[in-house]
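Comments concern the structure below.
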Amino acid sequence: MINPLRGMKDLTFEESQRFTHIIDTATKIAQRYGYNYIETPILEETALFKRSVGESSDIVGKEMYQFEDKGGNDVCMRPEGTAGVVRAFISTKLDRQPIKQKFYYYGPMFRYERPQKGRLREFHQFGCESFGEASVYEDFTVITMISQIFTELGIGFDLKINSLGCKACMPLYRENLVGFLTGIKEELCSDCNRRIETNPIRILDCKNGTCQSHLVSSPKLINNLCGECDSDFKKLTALLDNACISYTVDTNLVRGLDYYGKTAFEFVSNEIGAQSAIAGGGRYDRLVEFLDGKPTPAVGFAIGIERIMELVQMPEIQREGIYMGAMTDEAIEVLFPLAAAKRKETKVTVEYNSKGFKSHMKGADKANARYAVLIGEDELKESTIWLKDLESKEEKTVLLSEFQDTN
RNA sequence: GUGGACGUAGUUCAGUUGGUAGAGCACCUGUUUGUGGCACAGGUUGUCGCGGGUUCGAGCCCCGUCGUCCACCCCA
């Protein structure tokens, strides 16, 4: 028996229904906000992710499905969605269009990690990217949209927000922080010591307890923002307050991908184990030009489908369609034209084995059918069918021809 | 990459100090030659993850291996 690879999952029945329900709901809402579907390749040049996600990130550093294809190209299975969408945005020259562009996408992402609860090697994201809108109003709108999606899916969440500053205030702060960190170097864990050089901002969300205790007095970016970033962040919090979307400002919230600036946010759930982030995103105003496009402000996010799978409250399943069965072998083939006619309108389950009445009724139940249609010896003789509404329990015998022609 | 737990029927799990494998659920049949969800009766189902070792004898003990889960790390 061949099983799926480590960290990869087959989805069937109940689970695949949850999956499609999530995608359908998110799609419906994203379209209301003006997003259009974009499909981009799963395989991309490795350089794309190195340049966008960032060489210092763990994703690029050690988690990529990277290999050389038969043409000798250095390629990667995408570890996240934004880079590919931005590349497509530039490749198709949409960055030269003077209008705003909004895209949603969903599909598999790949990261070579040790699997655990809420973490797979192949997982799925639903994401949105909004290009060309620099206003913080768009950040607010994106967050509103995510909370609407979660609310519609019946999922409770906590929202964490932060500002990562821009090219005016971030470098200054960074210098500041490195100075502070160098001072307490001896107290920090080895990882953090390494990160002082490579990615000092990441030290802020180090999970190490002793590190955190020394970081309480660290300079906070939130207190060192430039005028514009500061006023934008204040606007954002005010907008969220007015919209009654509750949030906490988490000054240690640092996104794992290098391209974020200004607004960063994360939706978390406390019901799903250690991997608690169910959606994450933020603004990335400089990524488009970084990937050789015309400078274009942008904001986006992604939802982790598998992470919210067990949180989703599914709509109650209704009895649906027709179950058809025969109680005598001669009647089986009589069912096919009936089934064909009814399948223009509804779901039809045909049992190919003739069997006893009771057995058919059980089958109809199992198929979760609304109606049972049975043909026995009597019905066959008289060209009728026996029909029962399994919900109202009404039953009747009707002419075969009549049944076939009516809905 | 590191640590811990665990691999027995389709599934959830039991299996004593080593003595030839069990239960619930599910499934099939019947009770009822035509009234479902319920009840009752009967029935089917296993390379005990794989490989080696110890032993008269291994599901159980030992070694290895593969896999799953949980956590670290990281993130959706």
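Source: prediction; values computed, not measured. Proteins get letters first, then strands, A, B, ... in listed order; numbering begins at 1 in each.
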Please give the distance between the [atom1] atoms of [N] and [M] as a whole number of Å.
{"N": "B:G24", "M": "B:U8", "atom1": "C1'", "value": "15 Å"}
{"N": "B:G1", "M": "B:A9", "atom1": "P", "value": "29 Å"}
{"N": "B:U2", "M": "B:C62", "atom1": "C1'", "value": "25 Å"}
{"N": "B:U45", "M": "B:G53", "atom1": "C1'", "value": "32 Å"}
{"N": "B:U29", "M": "B:G19", "atom1": "P", "value": "39 Å"}
{"N": "B:C48", "M": "B:C60", "atom1": "C1'", "value": "10 Å"}
{"N": "B:G7", "M": "B:U65", "atom1": "C1'", "value": "13 Å"}
{"N": "B:G43", "M": "B:G37", "atom1": "C1'", "value": "23 Å"}

Phosphate contact (B:A71 OP1 or OP2) by A:Gln116 side-chain N/O below 4.0 Å: yes
B:A5 phosphate, OP1 or OP2, under 4.0 Å from A:Lys117 side-chain N/O: no
Side-chain donor-acceptor contact under 3.5 Å, A:Asp95 with A:Thr296: no
Side-chain donor-acceptor contact under 3.5 Å, A:Ser130 with A:Glu138: yes
Identity of whatever pairs with B:C69 - Watson-Crick or G-U, under 3.5 angstrom: B:G4
Close aromatic pair by centroid cut-off 6.0 Å: A:Tyr37 and A:Tyr106: yes
Heavy-atom pair of closest approach, residues A:Leu94 and A:Gln101: CD2-NE2, 4.0 Å
Shortest side-chain distance from A:Lys393, nucleotide among B:G37, B:G34, B:C75: B:G37
Nearest to side-chain heavy atoms of A:Arg307, which nucleotide of B:G37, B:C73, B:A76: B:A76
Face-to-face contact A:Phe123 to B:A76 six-ring, under 5.5 Å, under 30°: yes
